[in-house]
Every structure is written in C-alpha cells, then in structure tokens.
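Encoded as structure tokens, the structure appears first; notes follow it.
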Amino acid sequence: MPLPKSFYDRDPADVARELLGKLLVVDDKLRGRIVETEAYYGLSDPASRAFKGKTKLSRWMWEDAGSAFVYMVHGYWLFNVITEREGKPSGVLIRAVEPVEGIDYMIERRGTENPKNLTSGPGKLTIAFGITGKDNGTKVYDGHSRIVIEKGEMARFKIATSGRIGVREDLPEHLRFFVEGNKFVSR
DNA sequence: AGGAAGATCTACT
DNA sequence: GTAGATCTTCCTA
C-alpha cells in the first residue's frame, strides 16, 4: 500500500526526514529503499525551482502533495515529490536509494555492474529506474500510478543531516537527511 | 544566441 | 581526493 496523500501534506523537512527507509517502486518491478533526501521550499528558498515563479518547468511544484516533479539539470533528471497543499510550492528531492528489487534492469540501464554505483545519486537513480520528465505530475500516493512510494521495513538506523549539496545558495538550516553509514548515500 | 542548472564521469596528482 | 569536460532543456535577452 502506498503512503497516503496526507503524509506529504506537511513541511518538506519533516517529509524528507520521514521518507528515509521508505520504498520507491516503479512499474511494480523496480524497488529501492530511500536513504538520502533533501527538502526544498518555495518562494523563500533561493535553491528552489519555484523561487523565480511559475514556468513551464517549475509549474509542477504548485501541484498537490504527493505529485512527482522531475527536473533536468546538467543532462540528468532529478526526481522530487511535492509537499504541502496545492498552490503552495515545496518538495523533497530523492537523492539516493539502496537497490532492493529489479537490480538486473538497473544494471542494464546504468551500464555498470557495481551495485554501489547504480543508484547512489539523484541523477543515477532516475536512470536506473527509468524516470524522466514524462513522469511529471504522477501521484505517488495512488496505487495505480507507475511510480509509488510504500512503507517498507528497515532495521533501525540513525539519521544524519547536513547542508544541501550542489546548490548555489543554501539556507542556514540543515535540509539534507541521510541514513548514517549507508554505502548508497551519494557522499 | 547564450547561459544556467539541485550532477556525473574520467583522468589525473 | 580534486579538477575539468560534458551532459540536456528551458529561460532571458
């Protein structure tokens, strides 16, 4: 069962923290455990795609909680889930997952057999899972969607935080969350 | 037409 | 570990 829409209708930092350990599922055959996330706010966050207002690309950030927002940067697609109510842009970037199921497909798409290099980065995991701009607007709380996020079980783990990676201008708060010691975290 | 963007890969010290 | 090239759209001029 996918996580309910209400799970995403909250502050993105809370959602980012609690998405750790959850399962990203695509086409019911590719599964990955989320081990690294980042929260992004809207108009008040210079690193957010919504900062400069609605454009053809960023308009997906104004969708309702639990919608997919896929953005391309430097030739790679990055997968985000929108948080908070419709009309209030914010979201969570999925930065890394740990491969769980469908590893053969991931190896084929990524062109490498090194499991550590399959999904250990935001641009890598979209390639491994076959996620592109066409998936914009997908409702990840709807069981019929191609992309959903499920509860999943994971042994106890410790959550660490840091500033966000790669952004030109970060906010003072720590908005990156990751599973401490997990080898699939991007760095 | 040119540049920016939340990254990755490769080839070195 | 760090440095540089290169990746693809869309946005702004």
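Predicted model, so just to flag it, every value in this text is computed and none were measured. Reminder, nothing fancy here: chain letters follow the sequence lines and each chain counts from 1.
Heavy atoms of A:Leu93 sit under 4.0 angstrom from at least one base atom.
When the side-chain nitrogen and oxygen atoms of A:Thr55 are compared with OP1 and OP2 of C:dC11, one or more of them lie within a distance under 4.0 Å. Contact check, A:Arg49 against B:dG6: a side-chain N or O comes under 4.0 Å of OP1 or OP2. Side-chain N/O atoms of A:Lys52 include none lying less than 4.0 angstrom from OP1 or OP2 on B:dA4. At the phosphate of B:dC9, OP1 or OP2 sits under 4.0 Å from a side-chain N or O atom of A:Arg110. Residue A:Arg168 places no side-chain N or O under 4.0 Å from the OP1 or OP2 atom of B:dG6. Distances shorter than 4.0 Å separate some side-chain N or O of A:Arg95 from OP1 or OP2 on B:dA7.
For A:Arg176 and A:Asp170, the salt-bridge test fails: no basic side-chain N is under 4.0 Å from an acidic carboxylate O.
By the criterion of a centre-to-centre distance under 5.5 Å and near-parallel planes under 30°, the ring of A:Tyr40 forms a stack with the base of B:dG6.
Checked against B:dT8, C:dT9, C:dC11, the side chain of A:Trp77 finds its nearest nucleotide in C:dT9. Checking C:dC10, B:dG6, B:dT8 against the side-chain heavy atoms of A:Phe69 singles out B:dG6 as nearest.
C:dC7 makes up no base pair with any nucleotide shown, lacking Watson-Crick or G-U wobble contacts both under 3.5 Å. With a cut-off of 3.5 Å on both pairing distances, B:dG6 has no Watson-Crick or G-U wobble partner at all.
Inter-residue side-chain proximity for A:Trp60 and A:Asn80 is flagged as unmet; no heavy-atom pair is nearer than 4.5 Å. Taking 4.5 Å as the limit, every side-chain heavy atom of A:Ile131 sits out of range of all side-chain heavy atoms of A:Trp77.
Atom CE in A:Met72 sits roughly 19 Å away from atom P in B:dA4 (whole-Å rounding). A:Tyr76 has its OH atom 18 Å from the P atom of B:dA5, to the nearest Å. Computed from coordinates, the A:Lys54 NZ to C:dC11 P distance equals 14 Å when rounded to whole Å. Atom CG in A:Asn136 sits roughly 18 Å away from atom P in C:dT8 (whole-Å rounding). Taking atom CD1 on A:Ile165 and atom P on C:dT2, their separation rounds to 14 Å, with Å as the unit. Straight-line distance from the CZ atom of A:Phe51 to the P atom of B:dG6: 12 Å, rounded to whole Å. Counting to the nearest Å, the P atom of B:dG6 and the CZ atom of A:Arg164 are 10 Å from each other. Going from atom CG of A:Leu125 over to atom P of B:dT8 covers 8 Å, rounded to whole Å.
For the salt bridge (charged side-chain N to carboxylate O under 4.0 Å, His left out) with A:Glu38, the qualifying choice from A:Arg17, A:Arg95, A:Arg164 is A:Arg95, the only one to do so.
With hydrophobic clusters built from ILVMFWY side chains whose heavy atoms lie under 4.5 angstrom apart, A:Phe69 shares a cluster with A:Leu78. Under a hydrophobic clustering in which Ile, Leu, Val, Met, Phe, Trp and Tyr are joined whenever their side-chain heavy atoms come within less than 4.5 Å, directly or via other members, A:Met106 and A:Val25 fall into different clusters.
Heavy-atom nearest nucleotides on DNA chain B were determined for A:Ala47 and for A:Asn117, and the one closer to the 5' end corresponds to A:Ala47.
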